[in-house]
Amino acid sequence: MTSEKRVVVIGGGLAGLRLADRLGPAAAVTVLGEESHVPYNRVLLAEVLAGRYAPEVTALPAPGPALRRGVRAVRVDRAERAVHCDDGTVAPYDTLVLATGSNAVLPPLRGLFEPEGRDLPDGVHAFRTMDDCLALSAAVRPGVRAVVIGGGLLGVSAARALAARGAVVVLAQQGERLMERQLDADASALLATHLTELGVEIHTECRVRGLTTTASAPPAFEARVSGGGAPGTGAAPGQRRVTGVELADGYRLEADVVVLACGVRPRTGLARAAGLEVRTGIVVDDHLRTSDPRIHAIGDCAEHAGQVYGLAGAALEQADALAAVLTGAPAPYTGTRALTRLTLGGGGAGNGSLDLAAFGETTPRPGDDVVRLADATRRTYRKVVLRGDLLVGGVLLGELSTVGALARTWEGGEPPHDLFHLLTDDGGH
């Protein structure tokens, strides 16, 4: 690749900016970033919501003039080899990279939208972008009644952050346990205990049916009530405001704020409209090429070998692999062995933080061996799953000094030499 080769990247998140950085002067790179904010690390949004980090702390390294902020790609013309943008500009390419990320899933709840409308009621927030985070942060103060819908990684992070801000938090999870994709029943129970001690009320096997709303009050009345515990929203008169969450069993939860943490969906609209192969995500091969060899996809929008990762680690690995492809040193991308890690900070006096890590297959198959170490006093829990002689997954809560050694053993695909040593506190040293 020469510096005259034009590479256009659609998406100014972790994946797109990592690729631009790795390509450096090897190509003429243009990154189209839809958000107007300085690029930021989405993984840290919960820390911003909790008040632990200022928004600027999440900033990614400055990409320089390669990034065009606040510009949305609206159409890919494959015949012309050009990207048409919402500001009327056209970005021609020799190689196009789709790093369009994912959108928050908005569940089909009664009352979420008005007929033919697409505006969320005031007080209802997705939790995916910096704008989402800042709007939610502005709506939260001590005593606000907040309902988080969804008990996965995002929902748990949001509930913890809201509790740290003094909100009265209810977490509604449709599944049997929290973070069921990453944690087994024992680990999930420990996580639930920790959140409960932070003041979060948890409801599992709880299906949300709809939202109740009311028209916003006129400004004068709004000013009178906003100091009495409910948030002043600044909504225009007549705009709908959320007042509660209705559960399938008929029970109603009062709510001033509702957070939708129901998962994410790859952003594939541009790819579909351009005629590229799309399943759950944009289908790519081992060189991260789409069905058009001039177009690649990386990050949350990409589907490789039937897998859409939706994780920062995978996005960075794919960006590095594609940079190697585009600079002439390709090594096949064979997938990412993803490690999920989360720190839940304490929400008050006497409440410490809880560290959590999960990797690989945490639910054993028939015939697998499982080794567990639990310490109720120290609130630590460690479980690994062995298939034959190989470590195929694990869960750790409470104390993570061993996670590095365990993860390296898992990633290397080698039989562990001393499993007990790996599971004990000094295993990582």
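- A side-chain N or O of Y381 and one of D184 form a donor-acceptor pair less than 3.5 Å apart.
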### Task
Could you check V264 against N103 for side chain to side chain contact (heavy atoms under 4.5 Å, CB included), going step by step and ending with a plain yes or no?
CA-CA 5 Å; V264 295; N103 284 329; over 6 Å; no

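- Listed here is the closest heavy atom pair of L422 and P416: CD1-CB, 3.9 Å.
- Using a distance-only test at 3.5 Å, with no hydrogens or angles considered, no donor-acceptor pair links the side chain of T89 to the main chain of C85.
- Between the side chains of Y40 and E35, at least one donor N or O lies within less than 3.5 Å of an accepting N or O.
- Checking side-chain atoms of R69 against main-chain N and O of S36 turns up a donor-acceptor pair under 3.5 Å.
- No more than 12 heavy atoms of other residues, nucleotides or ligands shown are found within 6.0 angstrom of OH on Y53.
- With salt bridges taken as basic N to acidic carboxylate O contacts below 4.0 Å, one links R6 and D94.
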#### Entry: CA sep, side-chain torsions, deciding dist, call: T343, L354, side chain to side chain contact (heavy atoms under 4.5 Å, CB included)
CA-CA 6 Å; T343 295; L354 179 72; over 6 Å; no

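- Side chain of S291 to backbone of L276: no donor-acceptor contact under 3.5 angstrom is found.
- Residues in residues 202-211 take part in these side-chain hydrogen bond (donor to acceptor under 3.5 Å, both in side chains) pairs, two or more places apart or across chains: E201-H203.
- Within 6.0 Å of the CZ atom in R337, the count of heavy atoms belonging to other residues, nucleotides or ligands exceeds 12.
- Contact record, G16 with V9: CA-CG1, 3.7 Å, taken as the closest heavy-atom pair.
- In terms of modelled atom types and a separation under 3.5 Å, the side chain of T212 and the main chain of G244 share a donor-acceptor contact.
- For R75, the salt bridge (charged side-chain N to carboxylate O under 4.0 Å, His left out) partners are D77, not counting sequence neighbours.
- Residues V259 and A158 come closest through the heavy atom pair CG1-CB, 4.3 Å.
- Contacts of R252 classified as salt bridge (charged side-chain N to carboxylate O under 4.0 Å, His left out), with partners at least two apart in sequence or in another chain: E254.
- To the nearest 0.5 Å, atoms CG (L183) and CG (L356) are separated by 5.0 Å.
- Under the side-chain hydrogen bond (donor to acceptor under 3.5 Å, both in side chains) criterion, the residue pairs touching residues 161-183 are S137-R165, with sequence neighbours excluded.
- For the atom pair R145 CZ and L162 CG, the distance stands at 14.5 Å (nearest 0.5 Å).
- Of the N and O atoms on the side chains of E399 and S401, at least one donor lies less than 3.5 Å from an acceptor on the other residue.
- Side chain to side chain, T58 and N41 fail the donor-acceptor criterion of an N or O pair below 3.5 Å.
- Under the salt bridge (charged side-chain N to carboxylate O under 4.0 Å, His left out) criterion, D87 pairs with R68, not counting sequence neighbours.
- Heavy-atom minimum distance, L67 versus P39: CD2-CG, 3.3 Å.
- Side-chain atoms of T129 come within 3.5 Å of backbone atoms of D132 as a donor-acceptor pair (strictly under, hydrogens ignored).
- Counting only heavy atoms from C-beta outward, the side chains of L120 and H125 never approach each other to under 4.5 Å.
- Legend: residues meeting side-chain hydrogen bond (donor to acceptor under 3.5 Å, both in side chains) with Q318, ordered by chain and number and at least two apart, are Y333.
- Atom-to-atom distance recorded for C301:SG and L98:CG is 6.0 Å, nearest 0.5 angstrom.
- Formation of a donor-acceptor pair under 3.5 Å by the R42 side chain with backbone atoms of R128 is found in this model.
- The line from CZ of R72 to CG of L270 is 8.5 Å long, rounded to the nearest 0.5 Å.
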Listed pairs under 3.5 Å, donor-acceptor, residues 279-286 side chains, sequence neighbours left out:
residue	atom	partner	partner atom	Å
R279	NE	E277	OE2	3.3
R279	NH2	E277	OE2	2.9
D285	OD1	H287	N	2.8
D285	OD1	L288	N	3.0
D285	OD1	R289	N	2.9
D285	OD2	R289	NE	2.9
D285	OD2	R289	NH2	3.0
D286	OD1	H304	NE2	2.8

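- Interatomic distance, L391 CG to E361 CD, rounded to the nearest 0.5 Å: 10.5 Å.
- In summary, the side chains of Y93 and R294 do not present any donor paired with an acceptor at a separation below 3.5 Å, with no hydrogens or angles considered.
- Residues passing the side-chain hydrogen bond (donor to acceptor under 3.5 Å, both in side chains) test with E317, sequence neighbours excluded: T336.
- Separating the CG atom in D300 from the OG1 atom in T268 is a distance of 12.5 Å, to the nearest 0.5 Å.
- A donor-acceptor distance shorter than 3.5 angstrom exists from the side chain of T290 to the backbone of I295, with no hydrogens or angles considered.
- For R379, the salt bridge (charged side-chain N to carboxylate O under 4.0 Å, His left out) criterion is met by E197, not counting sequence neighbours.
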Pair up each side-chain donor or acceptor in residues 20-34 with any protein partner under 3.5 Å, not counting sequence neighbours, and list the distances.
residue	atom	partner	partner atom	Å
R22	NE	D320	OD1	3.1
E34	OE1	R267	NH1	3.3
E34	OE1	R267	NH2	3.0

### Query
Taking it one step at a time, do R110 and E246 satisfy salt bridge (charged side-chain N to carboxylate O under 4.0 Å, His left out)?
CA-CA 9 Å; R110 289 194 318 201; E246 290 184 336; 3.4 Å; yes

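- Partners of R78 by side-chain hydrogen bond (donor to acceptor under 3.5 Å, both in side chains), not counting sequence neighbours, listed by chain and number: D292.
- Listed by chain and residue number, nothing satisfies the side-chain hydrogen bond (donor to acceptor under 3.5 Å, both in side chains) test with D389 (two or more places apart in sequence, or in another chain).
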#### Entry: side-chain hydrogen bond (donor to acceptor under 3.5 Å, both in side chains) between T380 and D375, intermediate numbers included
CA-CA 5 Å; T380 62; D375 186 329; 4.7 Å; no

